[in-house]
Amino acid sequence: MATLCLNTERCKSCGFCIFTCPVKALKLSGNLNADGYDYVEHDDGKCTKCGLCYTVCPDNVFEISE
Ligand code: SF4
Ligand code: SF4
């Protein structure tokens, strides 16, 4: 089973991944990273590891490993 990891320090809070995720597994956390952006958090129980968030994120927050 693939694993999705988030490097939340890179997140710029743009929301692209949140709007793209087909199962609504992503949302803003309400916490700020070191650069002052409300970063995205991930519900692994909902995630299907489809990779769309990885594709749309302009800041390379997501990593998928086998
Ligand atoms: S891998 Fe797919 S299902 Fe999982 S958070 Fe990203 S867009 Fe959503
Ligand atoms: S697309 Fe990337 S930078 Fe934008 S909110 Fe999602 S994780 Fe953060």
Side-chain angles (χ1 to χ4, degrees):
M1 184 69 171
T3 307
L4 186 73
C5 296
L6 281 69
N7 187 338
T8 54
E9 288 302 317
R10 294 179 182 166
C11 181
K12 301 277 197 308
S13 204
C14 69
F16 292 162
C17 60
I18 296 171
F19 293 120
T20 303
C21 177
V23 295
K24 303 199 183 318
L26 298 168
K27 63 176 183 179
L28 294 180
S29 66
N31 300 306
L32 305 183
N33 62 21
D35 289 334
Y37 293 103
D38 185 352
Y39 58 83
V40 159
E41 74 182 11
H42 169 237
D43 183 339
D44 198 54
K46 289 184 185 172
C47 178
T48 61
K49 317 299 188 291
C50 70
L52 285 174
C53 54
Y54 172 88
T55 302
V56 300
C57 178
D59 293 290
N60 296 313
V61 168
F62 299 95
E63 256 176 59
I64 299 176
S65 54
E66 295 303 323

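Atoms within a ligand are numbered from 1 in the order they appear, just like the ligands themselves.
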As an exercise, state the distance from CG of Asp44 to SG of Cys5, rounded to the nearest 0.5 Å. 9.0 Å
Measuring from atom SG of Cys11 to atom CG of Leu28, what distance do you get when rounded to the nearest 0.5 angstrom? 7.0 Å
Give a yes or no on whether the backbone of [Y] and the side-chain of [X] come within a donor-acceptor separation of less than 3.5 Å.
{"X": "Asp43", "Y": "Gly45", "value": "yes"}
{"X": "Thr8", "Y": "Tyr39", "value": "no"}
{"X": "Glu63", "Y": "Leu6", "value": "no"}
{"X": "Asp38", "Y": "Gly30", "value": "yes"}
{"X": "Asn7", "Y": "Asn60", "value": "no"}

Any N/O/S of Cys53 under 2.8 Å from atom 6 (Fe) of ligand 1? yes
Using a strict cut-off of 4.0 Å, indicate which atoms of ligand 2 neighbour a heavy atom of [X].
{"X": "Asp59", "result": "3 (S)"}
{"X": "Lys12", "result": "3 (S), 8 (Fe)"}
{"X": "Cys14", "result": "1 (S), 3 (S), 4 (Fe), 5 (S)"}
{"X": "Phe62", "result": "7 (S)"}
{"X": "Gly15", "result": "4 (Fe), 5 (S)"}
{"X": "Val61", "result": "2 (Fe), 7 (S)"}
{"X": "Val40", "result": "5 (S), 6 (Fe)"}
{"X": "Cys17", "result": "1 (S), 5 (S), 6 (Fe), 7 (S)"}

Can you find a pair of side-chain heavy atoms, one from Phe62 and one from Leu4, that are under 4.5 Å apart? yes
Determine whether Phe16 and Cys57 make a side-chain contact, defined as any pair of heavy atoms from C-beta on separated by less than 4.5 Å. no
Check for me whether Val23 has a heavy atom closer than 4.0 Å to any atom of ligand 1. yes
Would you tell me which option among Cys57, Gly51, Cys21 has the nearest heavy-atom contact to atom 1 (S) of ligand 1? Gly51
Looking only at heavy atoms, is any part of His42 under 4.0 Å from ligand 1, and if so is it the side chain, the backbone, or both, or is it neither? side chain
With backbone taken as N, CA, C and O and side chain as the heavy atoms from C-beta onward, which portion of Leu26 lies under 4.0 Å from ligand 1: side chain, backbone, both, or neither? side chain
Presence of salt bridge, Asp59 and Arg10, under 4.0 angstrom: no
Quick one: nearest non-hydrogen protein atom to [atom], plus distance?
{"atom": "atom 8 (Fe) of ligand 2", "result": "Cys11 SG, 2.4 Å"}
{"atom": "atom 4 (Fe) of ligand 1", "result": "Cys47 SG, 2.3 Å"}
{"atom": "atom 2 (Fe) of ligand 1", "result": "Cys50 SG, 2.3 Å"}

Closest contact, heavy atoms only, Cys14 versus Pro58: SG-CD, 4.2 Å
Non-hydrogen atom of Val56 closer than 4.0 Å to ligand 2: no
The atoms of ligand 1 lying under 4.0 Å from a heavy atom of Lys49, numbered in the order shown, are 1 (S), 4 (Fe)
